[in-house]
Amino acid sequence: MLLDGLHLVEDAVGAGITLETVAFTARVLSTAEGAHLAETLSGASLEVVEVSGSMMAAMSPVPSPSGVVAIATRPASSISKTLAVAPQLVLLAVDVQDPGNVGAIVRASEAGGATGVAFCGASADPFGWKALRGSMGSALRLPTVAGVSLDCALAAARERHLRVVATLPRGGARPETIDLRQPTALLFGGEGPGLPDAVLDSADARVSIPMQAPVESLNIAVAAALLVYEAASQRGSI
């Protein structure tokens with residue numbers, strides 16, 4: 001993984017992620033926070049280097065480099081690990097293509113007490129640099145898996161007796177009428193097409209977030225956050 005930013009690297013250290021190389025600019029090393037991080041890393045078995053501003057600009061993927069980048073090992077992930085913590089509240093997101101949305105979904109999921117997130121189909125990589133910045137470190141802590149097929153994810157959820165609740169813009173039950181206290185997999189379709197009819201038909205329940213006309217749908221990360229927080233409210237977890 002490519003980590004960009006002081007706080008993201010700090011989150012990786014806190015989460016026990018293995019860092020291979022960390023590069024700092026002199027500007028960041030001159031700050032108290034940057035110097036403290038560099039000192040923390042100095043005793044570890046990794047490479048810590050100081051680079052010029054121009055070199056940092058070449059290394060960083062963002063237009064305005066933060067002054068810290070790192071190469072790190074991706075956290076171990078699997079659908080089994082993502083479904084392991086009971087009572088489960090797992091998000092299964094299908095074909096979510098915007099890395100910013102992927103990161104925001106993971107961030108909202110951790111904040112609202114979800115137990116895991118699985119990105120299925122053609123979803124963007126939650127461990128890509130842009131998604132990692134969007135998740136603000138949540139993907140390094142919350143069990144998160146990518147590249148799993150929807151059939152595999154659903155089969156694993158069914159095997160663990162999770163109730164599958166599919167989301168759609170209109171026609172589903174109101175969130176507060178759905179019992180989200182029991183082990184649950186919340187199923188979300190990607191930007192635009194949503195979930196196929198066959199997937200909707202196979203779900204145990206359908207849920208829709210009420211909206212004022214003429215709005216037809218919500219951003220997927222917003223919808224995920226609203227439903228995660230409804231579940232948290234029902235469970236009394238926040």
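Every value quoted in this text rests on a predicted model; they were computed, and no experiment measured them.
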Verify the neighbour count for atom CE of M55: are there more than 12 heavy atoms of other residues, nucleotides or ligands below 6.0 Å? no

Quick one: do D95 and S123 satisfy side chain to side chain donor-acceptor pair (under 3.5 Å)? Show the steps, please. CA-CA 4 Å; D95 297 338; S123 293; 5.2 Å; no

Is there a side-chain contact between F119 and I105, using heavy atoms and a 4.5 Å cut-off? yes

Yes or no on side chain to side chain donor-acceptor pair (under 3.5 Å) for H7 and E10, after CA distance, side-chain angles and deciding distance? CA-CA 5 Å; H7 295 299; E10 289 175 336; 3.3 Å; yes

Just so I know, are the side chains of P175 and I209 near enough to count as touching, which here means a heavy-atom distance under 4.5 Å? yes

Closest non-hydrogen atom pair, E230 against E176: OE2-CA, 3.4 Å

How long is the straight-line distance from OG1 of T184 back to CD of Q234, given to the nearest 0.5 Å? 8.5 Å

Residues S54, S52; criterion side chain to side chain donor-acceptor pair (under 3.5 Å); working and verdict: CA-CA 5 Å; S54 59; S52 66; 3.1 Å; yes

Starting from L162, can I reach V228 by hopping between I/L/V/M/F/W/Y residues whose side chains sit under 4.5 Å apart? no

Side-chain touch R107/V102, heavy atoms, less than 4.5 angstrom: no

Any side-chain heavy atom of L180 within less than 4.5 Å of one from L186? yes

A225 and A108 have their tightest heavy-atom pair at CB-CB, 3.7 Å

May I ask you to test the Q88-T115 pair for a side-chain heavy-atom distance under 4.5 Å? yes

Report yes if some heavy atom in the side chain of L19 is under 4.5 Å from a heavy atom in the side chain of I71; otherwise report no. no

Considering all heavy atoms, the nearest A156-I79 contact: CB-CG1, 4.0 Å

Please report the interatomic distance OH(Y229) to OG(S109), rounded to the nearest 0.5 Å. 9.5 Å

Exceeds 12 heavy-atom contacts within 6.0 angstrom, atom CZ of R181: no

Passes salt bridge (Lys or Arg N to Asp or Glu O under 4.0 Å), D204 versus R158? Steps please. CA-CA 11 Å; D204 300 309; R158 297 287 191 193; 2.6 Å; yes

Give me the atom names and distance for the closest heavy-atom approach of G112 to A232. O-CB, 3.3 Å

Does D201 pair with R206 as a salt bridge, N-O distance under 4.0 Å? yes

More than 12 heavy atoms of other residues, nucleotides or ligands under 6.0 Å from CD of E39: yes or no? no

Can you name the side chain to side chain donor-acceptor pair (under 3.5 Å) partners of R27, sequence neighbours left out? none

Is the closest side-chain heavy-atom distance between P99 and D125 below 4.5 Å? no

Nearest heavy-atom pair of L3 and A12: which atoms, and what distance? CD1-CB, 3.6 Å

For the residue pair A122 and Q97, what are the closest heavy atoms and their distance? O-CG, 4.0 Å

Heavy atoms from other residues, nucleotides or ligands near CE of M136 exceed 12 (cutoff 6.0 Å): no

Are D11 and R141 close enough for a salt bridge, meaning some N to O gap below 4.0 Å? yes

